[in-house]
Each structure stands twice: as C-alpha cells, then as structure tokens.
Trainee: 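Below you'll find the structure I mean.
Hydrogens, waters and symmetry mates are skipped; everything else that's a heavy atom, side chains included, is used. Both ligands and their constituent atoms are indexed starting at 1 by order of listing.
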Amino acid sequence: MEMANEFPDATITGIDMSAVFPTTIIPDNCQFIQHNILKPLPFPDNTFDFVYQRLLILGLTPAEWVQVVKELERVAKPGGWIELVEADGQGGNNGPYSAKIWRWLEQALWTLGVNIRITQDPGLVTILKEANIVNIHQDVVKLPTGDHGGKVGKLLQENEQSFWSAIAPMVIHGANVDKEDYDEAVRMAEIEVEEYKSYHIFYVATGQKRECPSPSVE
Ligand SMILES: C[S@@+](CC[C@H](N)C(=O)[O-])C[C@H]1O[C@@H](n2cnc3c(N)ncnc32)[C@H](O)[C@@H]1O
C-alpha cells in the first residue's frame, strides 16, 4: 500500500497465503491475492517491472527457495528487477537469552526442513544466481535492537518480542523446550538487548532478469 501511494502510476499486486490483507482504504492501484507461492504464480510470463519478496525465511526449505525465486524470475519482465529482503536468522551481539531463543528456533525449524541460516551471506546472492538473475547486488543492514537504536530500535525490539511470542508454540513443540523456560528467555531477552547492544542483520539483494536474447541475424 505504501508503494501504491508513493507510485500512483504503478499497479501493485500483493500476495500472501493468509488473509492478512487490509480490507478498507486500499488505494485504487493496489490489489491483494491470497495464494500459496509454492504453487505457480497466477500471472503470465514477463508481467512485472519489479518483483519484491520479504521475510519468507521461516517458510521455505532450501529447495523451495530456488523454486520460488525461479517463479519470481518467470513473472518479471526481461530487464525487470527482483528484490529480496530477509533477516539473517541470528542477529548480532546476542545476550545469553536471545542466543538461546535463536538456537531453539533453529532447532525447531530444522525438524520442518527449514534452514534459518540460508539467507546468511552469500545466501540470497547464490539463490538469485541459481534463478538466472544478473546484475546482482546485496546490501547488509545492521539495525540496533532497543533504545540504543532510537525509535527504529524500539520498534524493532517490540517486533522481536511479538515475533517470539507468536512462534512460541512452534518452538516449544519443535525444539522440545519447557514453556516456562521459553517464556523466561523471552522476558530476559527484552532486557539484555541494551546491555549487549544487540542488533539485527537484514540482507537486501537485488538483481535483474536477463533481457531476451536478440534475434539471430542470418
Ligand atoms: C514474516 S511475514 C512477512 C510478511 C510480509 N511479506 C512483510 O514483509 O511484511 C511472513 C508471511 O509469509 C506468508 N507465507 C509463508 N509461506 C507462504 C507461502 N508458501 N505462500 C504465500 N505466503 C506465505 C505468511 O502467511 C506471512 O504472512
């Protein structure tokens, strides 16, 4: 919706498998489609100038990553841009409680075939190359978590806390963790980010679909 407002001449399509979309005040140039991206995307080849995917790190196995990004490549126009934005699934300067939660999460996801470290440098670059994308560039952004990161840091900390609460059942079950231990770790992790000056790492990887090969001259 932000993109649709910022670029009124563009037509924006958003996809998620859950019905998480806003239902009111949707800009006219914006539509949402409920769709599982493990199935072929409901668009012809060469449809979009720009294809953007963010924060699927918990949802895709290594084989699915390549399958999905190849599908993003298919629906991009020749010369069109693809951008992937992902967390690194570990963070930096973790205190002992945050480190414990990341370890449990990694363990739980492993039982589902998901490798939470897949995005770590050069993870996204490798996946884009496998999908035949060219002109690849990756930025690594470190965002401080908590008050020491100002307003954005505070928001990131709130986001981290609600993320850890939301995934609690999956982690407790998958890593066989005691619920009280998990809840205590989440509580303590909120406090320790200031002491350890913790941060999150995000990768922003962009690249282009190859231009069509020029017609051969007889
Ligand atoms: C961490 S959220 C990120 C949401 C949004 N992309 C963003 O960056 O704000 C992950 C989202 O991926 C969606 N998701 C997970 N697996 C999916 C799949 N196979 N197809 C479509 N959406 C999926 C989930 O429903 C969830 O809304």
Trainee: What's the shortest heavy-atom distance between Gln90 and Asp88, and which atoms?
Mentor: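 Closest pair (atom of Gln90, atom of Asp88, distance): N-OD1, 3.0 Å.
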Trainee: Identify, with sequence neighbours excluded, every residue that meets side chain to side chain contact (heavy atoms under 4.5 Å, CB included) alongside Thr111.
Mentor: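 With sequence neighbours excluded, Thr111 shows a side chain to side chain contact (heavy atoms under 4.5 Å, CB included) to no residue whatsoever.
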Trainee: Name the atoms and distances for all side-chain donor-acceptor pairs under 3.5 Å in residues 9-24, with sequence neighbours left out.
Mentor:
from: Thr13; atom 1: OG1; to: Gln31; atom 2: NE2; distance (Å): 3.2
from: Asp16; atom 1: OD1; to: Ser18; atom 2: N; distance (Å): 2.9

Trainee: Looking at every heavy atom in both Ile118 and Pro62, which two are closest together, and how far apart are they?
Mentor: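 Looking at all heavy atoms of both residues, the closest pair is CD1-CA, 3.6 Å.
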Trainee: Around ligand 1, what residues show up once you keep those with a heavy atom under 4.0 Å from it?
Mentor: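 Residues within 4.0 Å of ligand 1: Asp16, Met17, Ser18, His35, Asn36, Ile37, Leu38, Arg54, Leu55, Leu56.
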Trainee: Is Ile116 isolated, or which residues cluster with it under the ILVMFWY side-chain rule of less than 4.5 Å, directly or via members?
Mentor: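 Under the 4.5 Å side-chain rule, Ile116 groups with Ile57, Leu58, Ile101, Trp102, Trp104, Leu105, Leu109, Leu112, Val114, Phe163, Trp164, Ile167, Met170, Val171, Ile172, Val177, Tyr182, Val186.
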Trainee: Between the side chains of Asp139 and His137, does any donor sit under 3.5 Å from an acceptor?
Mentor: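 Note: Asp139 and His137 side chains meet the donor-acceptor criterion.
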